[in-house]
Amino acid sequence: MVDLIEKKRDGQELSTEEIKFIINGYTDGSIPDYQVSAFTMAIYFKGMTEKERADLTMAMVESGDQIDLSGIKGIKVDKHSTGGVGDTTTLVLGPLVAALDVPVAKMSGRGLGHTGGTIDKLEAVSGFHVEIKNEEFIELVNKNKIAVIGQSGNLTPADKKLYALRDVTATVDSIPLIASSIMSKKIAAGADAIVLDVKTGAGAFMKTLDDSKELAKAMVRIGNNVGRRTMAVISDMSQPLGFAIGNALEVKEAIDTLKGEGPEDLTELCLTLGSHMVYLAEKAGSLAEARTLLENVIKDGSALEKLKVFLSSQGGDASVVDDPSKMPQAKYTFELEAKEDGYVAEIVADEVGTAAMILGAGRATKESIIDLAVGLVLRKKIGDEVKKGDSLVTIYSNFENVEEVKAKLYESIKISATKVEAPILVHGEITE
């Protein structure tokens, strides 16, 4: 191991066998933390070649269970978002592309941070559960084209160990390590093709467009190098996506979007990502054709119908689709009123996310219990005109004193006297 640390420190390329040796040794405990810390720091400074990145990814995939989706008919396309605030895309995209016979076999986790993960959001629907056996999961996808299962305990154990170590050794911020971490989980989950939604801006992991592009390229290359058709969309997270931030509130927003009545930015991003999923699944000959097909299943109601089938097949009360008030409801609502006339110039996404977490919409620690009813609904977005006294945000809370939340929101939303342009939603697409 000392020789390999030295080799990477000097900027040389490691072989496939050498990378496997490190990952296997770290997973089984024969290589200690302190040596792997030195190794990740060497990567941080010297980077990795494309071949090394692909080898590192596959070594982590092979460190644990791999989901076998070969029993599912058709091309399985997975979507991964690098996170953000109010990111409701999975809840919309699943039923939307499944309505076009694209199999969506989704493995999701619970969220740590601003709001819950996809599973937490779906549990706002009474009775819905993801604790299903693999056989049932495959059967549901074949029958309904969509199912969501909880993350298997032993998927990419090397990545879990490595991530925890990077977190405490200041090596999180390394493109090769981030890219291989994300891609190892996606590849172990068994998809044939992967659409990545790489966020950029204040609410994203990557704050600058250049860094987001570099990460997107790295992940697309890894995917394509290991035989998965992979592409990425770089989308804006300088402000929250859509209007709702919070679990039941986001499910309601997903329902509205599938009805064709959702926020413009969320709808547009779902159509963009969905077009790539449909195209990669070979259900359309071009992205333009794929988009038209998606618009049609929203118009004719079949995407909404697919959501009902999906929820009820996993024990959920599908009547919430017609009556969202059956989901958990907050006791109190408060309006955050504008203090002046002008235009919304900035909505700092991660700070707004923190305000939602203070209400109980997210987890500060693994042990935190999420309140599914609470959260925020934005009434204005960047570029919108406001008059003094207009509501900027509606706060949904189960406690009466929301002064801390209001103070946080006032700090995060800037009003300018001059008109401001709305940010670009999609900054680019990367296929190579």
Side-chain angles (χ1 to χ4, degrees), residues 81-92 111 113-115 121 197-213 216 233-247 249-250 252-254 256-257 262-273 335-359 361-362 375-387 390-396 405-428:
S81 161
T82 57
V85 182
D87 190 13
T88 316
T89 49
T90 298
L91 300 177
V92 179
H114 307 129
T115 57
K121 292 168 190 178
D197 177 14
V198 179
K199 305 290 190 191
T200 191
F205 184 56
M206 291 296 180
K207 307 291 183 201
T208 72
L209 188 53
D210 284 349
D211 284 351
S212 304
K213 278 187 178 160
V233 168
I234 297 170
S235 71
D236 183 69
M237 195 39 83
S238 60
Q239 65 177 339
L241 184 66
F243 299 124
I245 303 149
N247 300 279
L249 297 168
E250 289 186 41
K252 181 186 180 305
E253 185 163 87
D256 290 343
T257 306
E264 208 177 307
D265 57 348
L266 178 61
T267 303
E268 178 55 37
L269 186 58
C270 288
L271 287 170
T272 301
L273 295 168
E335 302 300 330
L336 184 82
E337 292 181 358
K339 293 177 175 176
E340 62 204 305
D341 294 354
Y343 298 88
V344 178
E346 190 181 6
I347 302 177
V348 185
D350 44 359
E351 293 296 326
V352 173
T354 304
M357 193 163 74
I358 296 167
L359 289 165
L376 308 165
V377 174
L378 302 178
R379 299 299 174 198
K380 301 285 181 186
K381 300 280 289 247
I382 295 176
D384 290 349
E385 188 175 358
V386 290
K387 297 273 180 250
D390 283 356
S391 175
L392 297 171
V393 184
T394 304
I395 300 165
Y396 291 80
V405 174
K406 281 188 166 182
K408 185 70 139 168
L409 290 170
Y410 276 127
E411 275 171 31
S412 316
I413 301 173
K414 308 274 188 292
I415 307 287
S416 130
T418 51
K419 187 153 174 49
V420 177
E421 287 303 312
I424 293 168
L425 179 65
V426 174
H427 292 275

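All of these numbers come straight from a predicted model, not from anything done at the bench.
No side-chain heavy atom of Val352 sits less than 4.5 Å from a side-chain heavy atom of Val393. By the 4.5 Å heavy-atom criterion applied to side chains, Val386 and Asp341 are not counted as neighbours. Taking the side chain as every heavy atom from C-beta outward, Pro240 and Ile347 approach each other to under 4.5 Å. For the pair Thr267/Leu271, a side-chain contact is recorded, criterion being any heavy-atom separation below 4.5 Å from C-beta on. When side chains are defined from C-beta on, Lys380 does not count as touching Ile413, because their heavy atoms never get closer than 4.5 Å. The side-chain heavy atoms of Leu409 and Ile395, taken from C-beta on, include a pair separated by under 4.5 Å. Contact annotation: the side chain of His427 never approaches that of Ser212 to less than 4.5 Å [non-hydrogen atoms, C-beta and beyond]. At least one side-chain heavy atom of Lys199 sits under 4.5 Å from a side-chain heavy atom of Leu241.
Distance alone, capped at 3.5 Å, places no donor-acceptor pair between the Lys419 side chain and the Ser416 backbone. Of the possible polar contacts, one joining the Asp384 side chain to the Lys381 backbone as a donor-acceptor pair under 3.5 Å is found.
Counted within 6.0 Å of CD on Glu264, heavy atoms from surrounding residues, nucleotides or ligands total 12 or fewer; the atom is thus considered open.
Asp236 and Ser238 form a side-chain donor-acceptor contact under 3.5 Å, judged by distance and modelled atom types alone. No hydrogens or angles considered: nothing links the side chains of Glu253 and Thr257 as a donor-acceptor pair under 3.5 Å.
Atom-to-atom distance recorded for Leu249:CG and Lys252:NZ is 9.0 Å, nearest 0.5 angstrom. Rounding to the nearest 0.5 Å gives a distance of 4.0 Å between CD1 of Ile382 and CD of Gln239.
Closest approach of Ala254 to Leu91, counting heavy atoms only: CB-CB, 3.7 Å.
Of the candidates Asp197, Thr82, Thr200, Thr89, Ser235 forms a side-chain hydrogen bond (donor to acceptor under 3.5 Å, both in side chains) with just one, namely Asp197.
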